[in-house]
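Right, one structure below, let's go through it.
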Amino acid sequence: MVAAIAGDAETDLTLPISDDLDDNGFPASPPTAPATSSFADDFYRSGIDWSSLQAPPSHRRRPADGTTEKFCGPLVQKNLFQAWGIQKPPREEAAQGVPVGAGASSSSPSPSVAGSGRKRRWGGSDENGASRKPVACPFYKQIPGTPFTVDAFRYGAVEGCSAYFLSHFHYDHYGGLTKKWCHGPIYCTALTARLVKMLLSIDSAYVCPLELDTEYVIDGVKVTFLEANHCPGAALIHFRLSDGKTYLHTGDFRASKSMQLHPLLQTGRISLLYLDTTYCNPKYKFPPQEDVIDFVVRTAQRYLKKQPKTLIVVGAYSIGKENVYLAISQALEVPIYTDASRRRILHSFGWPDLSKRISSCNQSSPLHVLPLASLQHENLKKYLETLDQRFLAVLAFRPTGWTFSEAAGKELDLIKPSSRGRVTIYGVPYSEHSSFSELRDFLKFLRPQKVIPTVNVGNAANRDKMQAYFREWLKGT
DNA sequence: GCGATCAGTT
DNA sequence: CACAACTGATCGC
């Protein structure tokens with residue numbers, strides 16, 4: 001049924017219901033039938049040529065062995081664009097060493113192509129006995145018609161990539177970045193840039209911070225970061241190519257009405273949308289963040305009234321969810337205690353309203369921020385004991401993206417905490433990704449010509465399902 | 001020791 | 001149980 005929505009009626013059988021995807025998530029065997037327009041087929045077809053989609057800039061250095069450019073063939077973009085049904089290919093390669101508009105060009109090192117002699121070829125092509133096959137950069141992390149990748153640091157030097165974008169500082173996006181990084185400039189927001197330097201020890205010469213809502217020209221492409229409403233420093237990335245095509249990469253984001261007001265999303269048409277599809281399933285419903293924050297604050301106040309010596313704990317990953325504990329801090333007029341490493345991170349944001357509330361004394365504040373993983377009954381009980389009678393009970397909140405109970409998505413007051421002795425833990429549906437309906441509203445507003453999901457793409461059935469939703473939402477476009 | 005990859009955790 | 005986002009163990013060099 002999914003395939004039918006996806007396009008031509010006769011395509012169903014030709015779908016490689018591929019359980020055997022290759023390293024890139026492409027079906028491993030070629031389709032046996034003529035062209036179709038199913039999403040899985042699109043994946044397959046684009047997988048054929050994507051590696052050579054962008055000829056590397058001519059000035060790129062090559063290994064000294066004089067190897068000829070293996071992938072500088074014709075502009076395969078052409079095939080690609082046709083495969084995706086996006087009109088015509090750009091007339092010519094726009095990838096030249098145009099300096100960054102912000103004047104950061106001088107500090108941008110030119111990428112040093114993997115010349116270490118290590119094999120780093122495209123995953124599928126394993127010449128003789130490649131026991132260790134390197135994983136190729138999946139096509140959905142590469143931006144066609146540009147020498148750009150987004151959140152692609154775990155693939156070594158990506159062929160043809162001269163600028164690596166990092167949408168935000170979460171592990172599953174920066175993974176692969178180490179202090180040995182030498183493959184090219186990393187473009188990200190200033191806040192993310194600080195974290196990259198501070199926590200990953202990346203050579204500053206490679207880190208290129210860009211301001212939000214400011215247009216830069218990078219390798220001939222106009223690039224603008226927009227607020228993503230995800231975690232601190234997270235950006236949507238808007239690309240405007242010289243041929244007029246505009247692409248939007250959402251990184252991770254939570255779509256909202258106010259996001260729709262951005263001038264870059266109000267005018268023109270997005271040809272390609274790289275979409276954070278984390279919760280692209282109708283089972284994912286959750287309230288606005290403000291409602292959840294309101295609930296958390298009210299609950300904290302209620303517990304404190306009953307037991308003034310209650311310790312409020314909020315769980316968090318490295319970055320994200322700050323507004324939950326900031327709101328408690330403001331409402332209760334108490335500082336925020338957290339350990340030294342998180343304090344360092346939070347201060348690096350450069351947010352005065354947050355910084356001024358951070359305390360390094362665990363006894364002086366009834367509001368503590370702990371790693372999400374540590375919010376377990378046993379753990380919190382022990383934690384309470386270490387605080388030596390200063391507190392007599394723990395009220396903990398774990399802000400999770402997904403909601404198991406239908407109730408929590410609809411009516412916050414129906415949320416039942418888990419209590420053991422003096423420890424109470426609430427799971428609250430505070431999400432920094434879009435809900436299903438938010439994704440739907442965003443797509444109906446944006447009406448992109450093509451959507452590439454970037455999350456949950458590992459399985460073909462899932463991809464087709466998501467594509468079916470997109471078709472439905474964009475019907476009549 | 002370092003990084004890449006896998007397994008495990010909430 | 002789910003999910004994102006880790007965290008730790010193991011392997012190879």
Side-chain angles (χ1 to χ4, degrees), chain A residues 23 114 116-120 123 129-137 151-157 166-183 192 195 199-202 228-234 250-254 276-286 313-322 324 339 341-342 345 369-380 383 396-409 417-418 420 423 425-436 439 453-459 462 465-466:
Chain A
D23 295 327
S116 58
R118 286 180 65 110
K119 272 190 160 180
R120 196 168 277 299
S131 56
R132 195 137 311 283
K133 41 181 187 175
V135 175
C137 176
D151 299 338
F153 298 95
R154 31 184 53 241
Y155 316 100
L166 174 58
S167 65
H168 64 290
F169 195 76
H170 274 158
Y171 180 80
D172 46 334
H173 293 259
Y174 67 67
L177 258 188
T178 71
K179 56 168 145 335
K180 297 263 180 65
W181 179 261
C182 61
H183 302 306
T192 302
L195 294 168
L199 300 174
L200 305 179
S201 310
I202 305 298
N229 193 28
H230 181 61
C231 65
T250 66
D252 278 356
F253 83 131
R254 182 155 183 186
D276 165 20
T277 44
T278 298
Y279 294 128
C280 189
N281 184 311
K283 73 181 175 189
Y284 295 118
K285 307 173 186 176
F286 28 78
V313 170
V314 177
Y317 296 130
S318 58
I319 66 173
K321 325 283 186 187
E322 290 75 17
V324 177
D339 67 27
S341 68
R342 192 187 299 272
I345 293 169
V369 180
L370 299 180
L372 246 185
S374 71
L375 297 209
Q376 309 157 77
H377 286 284
E378 272 309 302
N379 223 7
L380 291 174
Y383 189 69
F397 295 98
R398 31 172 49 252
T400 73
W402 49 271
T403 319
F404 178 47
S405 95
E406 193 73 13
S418 150
R420 291 243 262 282
V423 177
I425 303 176
Y426 276 85
V428 292
Y430 185 89
S431 175
E432 292 180 333
H433 293 274
S434 313
S435 69
F436 183 74
L439 281 177
T454 60
V455 184
N456 298 325
V457 295
N459 127 341
N462 226 328
K465 212 165 159 188
M466 293 193 285

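Reckoned from all heavy atoms, side chains included, excluding hydrogens, waters and symmetry mates. Below, read A as the first sequence line, B as the second, and so on, with proteins coming before strands; counting in each chain starts at 1.
Nucleotide C:dC6 holds its P atom 8 Å from the CZ atom of A:F169, rounded to whole Å. Rounded to a whole Å, the NZ atom of A:K283 is 9 Å from the C1' atom of C:dC3. For the pair A:I319 CD1 and C:dA5 P, the interatomic distance rounds to 10 Å; values are reported in whole Å. When the P atom of C:dA5 is taken as reference, atom CZ of A:R342 falls 14 Å away, rounded to whole Å. Between A:Y155 atom OH and B:dG3 atom P there is a gap of 18 Å when expressed in whole angstrom units. Rounding to whole angstrom units, CG of residue A:N459 and P of C:dC3 are separated by 11 Å.
Contact annotation: A:T278 side-chain N/O to C:dA4 OP1/OP2 distance is under 4.0 Å. Between A:K180 and B:dC2 there is no side-chain polar atom (N or O) within less than 4.0 angstrom of OP1 or OP2. Look at A:T400 and you won't find any side-chain N or O under 4.0 angstrom from OP1 or OP2 of C:dC3. Between A:H170 and the phosphate of C:dC3, there is no side-chain N or O to OP1/OP2 separation shorter than 4.0 Å. When the side-chain nitrogen and oxygen atoms of A:Y171 are compared with OP1 and OP2 of C:dT7, none of them lie within a distance under 4.0 Å.
A:H173 and A:D252 share a donor-acceptor pair across their side chains, judged by distance under 3.5 Å alone. Side-chain atoms of A:S167 and A:D151 include a donor-acceptor pair closer than 3.5 Å.
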Report all interatomic pairs (protein N or O, nucleotide N or O of nucleotides 7-10 of chain B) with separations under 3.5 Å.
unit_1	atom_1	unit_2	atom_2	d
B:dT10	OP1	A:Q376	OE1	2.9
B:dT10	O3'	A:R398	NH2	2.3

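At a threshold of 4.0 angstrom between heavy atoms, the contacts of A:H230 are confined to the sugar-phosphate backbone, with no base atom among them.
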